Every structure is written in structure tokens, then in C-alpha cells.
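Have a look at the structure below, then the notes.
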Amino acid sequence: MKVKNSATHYSSSQGRFPEFFEESLEIDDVVFDFDRIMEEINIGQYLKPPKEISLLYNRVKMLKTVLFAMTDTRDALLSLREIEDRCKVNLRYRYLMDRETPSYRTFGTFIAEELSESIEDIFKAVM
């Protein structure tokens, strides 16, 4: 008797992620409102013009993720390592980063190079 092909290539303990994260999040999830607001204020306008050698990741998505991390904590700010970890496992962060998982060093470089001069303007626009 031949065993079906699917039974030999994965076990029942392996999870299956949905094709679109939007399907796993509630329709009224806060991340959708946050993303919409960031798009409405054109958050990308606060970033410096890209250099010839720019980051491997979308700078607007990185900015949204950093700002969301600042609003997503109850007691203290998230560390860069915690933001990296959430991009790997948290559906909201995976949605904002479109499944990309930058390292904590990438987030640190992004914040230091992109946000040091414009952070006050960004917070004024968000408020």
C-alpha cells in the first residue's frame, strides 16, 4: 500500500500559517487603525531621502513598526531585541513588516540614522 505524499512530508504537530495575516486578526484590531492613520498622515514624508545604499527593508514599514512598538507597551518601552522578536512571532508586527524580520541592529541603525532629527515632527503629526 502506498502512503500519500502529504503524510510523509509533514507531521500533524506542524502548524500552518494563513496566507494573509489579516485573516487571523480581528477586523477591529488596533493594528489596522494604526496602519490607516499612518497612511493618512503620509508618515514616509518624515524620512530622509534614501541613500544609494539604503536599508534592505522598507523604511516606511520600519517606521510604522517602531512607532507601533512605542504605543504597544503598558509599562516601559520595548527594547530593540523585543521588537525584533515580536516581528518574528507577533501577528500585528508581522502584518506591519509584511513578514520581514529585521534584526535589532537594523532597527537601531534605522532609529539612529533616520529618526534622530525628525522624531518631534513625527509625534506632532501623529497627535
Side-chain angles (χ1 to χ4, degrees):
M1 176 182 220
K2 237 182 182 179
V3 178
K4 289 187 177 181
N5 199 13
S6 62
T8 60
H9 294 292
Y10 71 91
S11 70
S12 61
S13 64
Q14 289 175 314
R16 294 185 182 205
F17 281 105
E19 186 66 30
F20 301 103
F21 289 125
E22 298 88 11
E23 295 174 1
S24 294
L25 297 169
E26 296 293 324
I27 195 165
D28 60 346
D29 196 292
V30 68
V31 75
F32 295 127
D33 292 332
F34 178 84
D35 191 36
R36 182 183 46 79
I37 291 168
M38 294 299 111
E39 290 296 325
E40 285 177 5
I41 63 173
N42 189 17
I43 200 74
Q45 70 181 332
Y46 298 101
L47 296 171
K48 296 177 183 176
K51 299 176 183 177
E52 287 182 26
I53 301 173
S54 61
L55 293 171
L56 299 174
Y57 300 98
N58 182 305
R59 298 170 330 127
V60 174
K61 291 177 186 176
M62 297 249 331
L63 177 56
K64 286 181 187 180
T65 303
V66 168
L67 293 175
F68 187 75
M70 290 179 175
T71 64
D72 192 33
T73 58
R74 289 183 177 88
D75 299 324
L77 292 176
L78 293 176
S79 71
L80 296 177
R81 290 181 191 263
E82 289 172 315
I83 295 172
E84 174 189 10
D85 185 54
R86 288 187 182 197
C87 286
K88 292 176 183 175
V89 299
N90 188 304
L91 290 178
R92 291 176 175 155
Y93 288 80
R94 289 183 59 96
Y95 168 77
L96 287 173
M97 281 303 302
D98 199 22
R99 298 181 184 198
E100 295 178 334
T101 55
S103 70
Y104 72 94
R105 289 182 179 158
T106 303
F107 278 113
T109 301
F110 173 76
I111 291 168
E113 292 179 1
E114 294 285 340
L115 303 183
S116 60
E117 297 171 13
S118 62
I119 196 70
E120 288 181 22
D121 295 331
I122 293 170
F123 280 120
K124 287 178 186 176
V126 171
M127 291 307 187

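Quick note: residue numbers are just sequence positions, from 1. Since the model is a prediction, treat every value here as computed from it, not as a measurement.
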* Structure fact -> Between Pro102 and Glu84, the two heavy atoms sitting closest are O-CG, 3.5 Å
Which distance, rounded to the nearest 0.5 Å, do you find between the [atom1] of [X] and the [atom2] of [Y]?
X	Y	atom1	atom2	value
Glu120	Leu115	CD	CG	12.5 Å
Leu78	Ile83	CG	CD1	5.5 Å
Asp98	Asn58	CG	CG	8.5 Å
Ile111	Ile119	CD1	CD1	8.0 Å
Lys124	Tyr46	NZ	OH	10.0 Å

* Is a side-chain donor or acceptor of Thr101 paired with a backbone partner of Lys88 at a separation under 3.5 angstrom? -> no
* Backbone of Lys48 reached by a side-chain donor or acceptor of Glu114 within 3.5 Å ->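 Side chain of Glu114 to backbone of Lys48, a donor-acceptor pair under 3.5 Å: yes, one is there.
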* Salt-bridge contact Glu82-Arg86 (side-chain N to carboxylate O under 4.0 Å) -> no
Please set out all donor-acceptor pairs under 3.5 angstrom arising from side-chain atoms of residues 31-41, sequence neighbours excluded.
| unit_1 | atom_1 | unit_2 | atom_2 | d |
| --- | --- | --- | --- | --- |
| Asp35 | OD1 | Lys64 | NZ | 2.6 |
| Asp35 | OD2 | Tyr95 | OH | 3.2 |
| Arg36 | NH1 | Glu40 | OE2 | 3.1 |
| Glu39 | OE2 | Lys64 | NZ | 2.3 |

* Test Lys61 against Glu100 for salt bridge (Lys or Arg N to Asp or Glu O under 4.0 Å), laying out the working first. => CA-CA 10 Å; Lys61 291 177 186 176; Glu100 295 178 334; 5.1 Å; no
* Would you check if there is a donor-acceptor pair between the side chains of Thr109 and Thr106 at a distance under 3.5 Å? =>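 No, Thr109 and Thr106 have no side-chain donor paired with an acceptor closer than 3.5 Å.
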* Asked: Are Leu56 and Leu80 in one and the same hydrophobic cluster, where Ile, Leu, Val, Met, Phe, Trp and Tyr link if side-chain heavy atoms are under 4.5 Å apart?
  ->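 In one cluster: yes.
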* **Min side-chain heavy-atom separation Thr71-Val30 under 4.5 Å** => no
* Asked: Any side-chain heavy atom of Cys87 within less than 4.5 Å of one from Phe107?
  ->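 The answer is yes, as the side chains (C-beta and beyond) meet within the 4.5 Å cut-off.
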